[in-house]
Enquirer: 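Dropping a structure here in C-alpha cells format, bear with me for questions.
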Amino acid sequence: MPSSSEAGQPGVLVFDLDDTLYCERDFAFSGFAAVEAHLARLHGNAVVPGTCRALFESGTRRAIFDSALERFGIASGPDRIAKLVTLYRHHRPQIAPCPDTSRFLERDPRPRAIITDGPAAMQRSKIAALGIGPLFGLIIPTGDLPPGMGKPHPRAFEQVMEWSGKPGPDHVYIADNPAKDFIAPKRLGWRTVQIDRACRVHAPEPPSPDHAAEIRIASLDELADPLRLKDPAGFA
Ligand SMILES: [Mg+2]
C-alpha cells in the first residue's frame with residue numbers, strides 16, 4: 001500500500017455506497033418497477049406503471065406502496081405491504097455506477113473499501129448489479145454486524161483499520177449523508193469528504209459542526225485534483 005506520508009494523501013479510500021457511488025433513487029425506481037410488475041401480474045390493468053416513481057418524485061418518502069395500492073384500488077394491509085417491501089429489497093436491481101465513479105475507480109490505484117448501511121443482502125445485490133465488487137479490497141455491509149453497529153457506530157471503521165493496518169489519518173471516508181456518515185471516522189482521525197450529488201436523497205446540510213465533513217464535492221472527478229487532498233491546509 002502507498003504510504004500517506006509519501007504520497008501526501010490518505011492512502012486508503014473508503015466509500016459509502018448509496019448516493020456516493022451510484023444514485024440511490026435509481027435503486028428505488030428499479031424496485032418500484034419490480035413491485036408494479038408483480039402487482040400487474042395479479043391485478044392487470046388496475047396497476048398503472050410509474051405510479052410509485054411519480055409519488056417519489058412528488059416528494060412522498062413514506063408509505064409509497066400504501067398510496068400506490070390505494071390509487072390502484074387494491075386492498076392494502078400489513079402482510080401485503082411486508083411482501084412488497086421484501087420483493088423491493090430482493091429484486092435484481094437495474095442500476096449503474098455514476099460516470100464519475102467509473103472514471104475514478106479506473107484511474108485511482110489506492111486501496112479501497114466500502115462501508116454501507118442497510119440490509120446486507122440488499123446492499124450486496126446492489127454492489128453485484130453495479131459490477132464494482134472486485135474493485136474493492138474490503139466491503140462491510142453494517143447489516144452483517146450485530147444490531148446497533150450501523151453508522152454512526154465506529155465498528156465498521158475500526159474493521160477497515162484492522163484490514164489496512166494503517167492509522168486513522170491514512171484513511172478518507174467519502175459519503176453523502178452528514179446526519180450519520182462522518183461522526184465515527186472523524187473521531188478516529190480519518191479525513192472526510194462529503195459528496196453532494198444532484199440526485200441525492202438525503203439532506204446535504206450537517207445537523208451540527210461535529211457532523212460535517214472536511215470538504216464537500218459534487219463529483220468524484222474533483223478527487224482527481226491532488227491539490228485538494230495534498231495536505232491538511234489544502235484539504236480544508
Ligand atoms: Mg449514502
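Ligands are counted one by one from 1 in listed order, and the atoms in each one are counted from 1 as well.
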Enquirer: Using side-chain contact (heavy atoms from CB on, under 4.5 Å) as the criterion, point out the one residue from V14, I139, D181, L17 that pairs with I115.
Expert: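 In the set V14, I139, D181, L17, the residue that makes a side-chain contact (heavy atoms from CB on, under 4.5 Å) with I115 is V14.
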Enquirer: Tell me, do R25 and E57 make a side-chain contact under 4.5 Å, heavy atoms counted?
Expert: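 A side-chain contact is absent here, since even the closest heavy-atom pair is not under 4.5 Å.
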Enquirer: Which protein N, O or S atoms does the Mg ion (ligand 1) have within a distance shorter than 2.8 Å?
Expert: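 For the Mg ion (ligand 1), the protein N, O and S atoms that sit under 2.8 Å away are D16 OD2, D18 O, D176 OD1.
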Enquirer: Are L223 and Y22 joined in one hydrophobic group, where the rule is that I, L, V, M, F, W and Y side chains link up if heavy atoms are under 4.5 Å apart?
Expert: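 Yes, because L223 and Y22 connect within a single hydrophobic cluster, where side-chain heavy atoms sit under 4.5 Å apart.
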Enquirer: Disulfide bond (SG atoms under 2.5 Å apart), that's the test. Do C199 and C23 meet it? Break it down for me.
Expert: CA-CA 6 Å; C199 64; C23 290; 2.1 Å; yes
Enquirer: Do we get R191 above Y173's six-membered ring, with its NZ or CZ under 6.0 Å from the centre and within 45° of the axis?
Expert: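 Judged by the rule, R191 and Y173 form no cation-pi pair.
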Enquirer: Let me confirm one number: the CD1-CZ distance from I183 to F157, rounded to the nearest 0.5 Å.
Expert: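 CZ of F157 is found 10.0 Å from CD1 of I183.
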